[in-house]
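Since the structure comes first, as structure tokens, the remarks are kept for the end.
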Amino acid sequence: MSAAGEFQAYLAGTTHPRRVMALDEVANTAVFIASDRASGMTGTTVNLSIGALGE
């Protein structure tokens with residue numbers, strides 16, 4: 001396994017669902033936050049850690 005693959009596996013192991021977020025998931029979140037559909041979100045922090053356990 002390459003160093004990048006090992007690092008990704010390590011990161012996945014530190015999250016609750018045991019996977020890392022895909023780039024399209026991050027992009028979809030950003031698009032939602034920038035849209036009118038998120039108008040009710042004020043003073044909100046969006047957590048993109050996918051449940052990181054903080055080891």
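- Of the possible polar contacts, none joining the Arg19 side chain to the Ala12 backbone as a donor-acceptor pair under 3.5 Å is found.
- Among residue pairs with one or both ends in residues 40-50, none qualify as salt bridge (charged side-chain N to carboxylate O under 4.0 Å, His left out); sequence neighbours excluded.
- Not a single side-chain contact (heavy atoms from CB on, under 4.5 Å) links Ala30 to another residue, sequence neighbours left out.
- Grouped with Ile33 in one hydrophobic cluster are Met21, Val26, Phe32, Met41, Val46, Leu48, Ile50, the linkage being side-chain heavy-atom contacts under 4.5 Å among Ile, Leu, Val, Met, Phe, Trp and Tyr residues.
- Contacts of Ala22 classified as side-chain contact (heavy atoms from CB on, under 4.5 Å), with partners at least two apart in sequence or in another chain: Asp24, Glu25.
- The hydrophobic cluster analysis finds Met1 isolated: no Ile, Leu, Val, Met, Phe, Trp or Tyr side chain comes under 4.5 Å of it, directly or through other members.
- Nearest heavy-atom pair across Leu11 and Thr14 is O-OG1, 2.7 Å.
- Here side-chain hydrogen bond (donor to acceptor under 3.5 Å, both in side chains) pairs that include residues 37-49, with residues two or more places apart or in two chains, are Asn47-Ser49.
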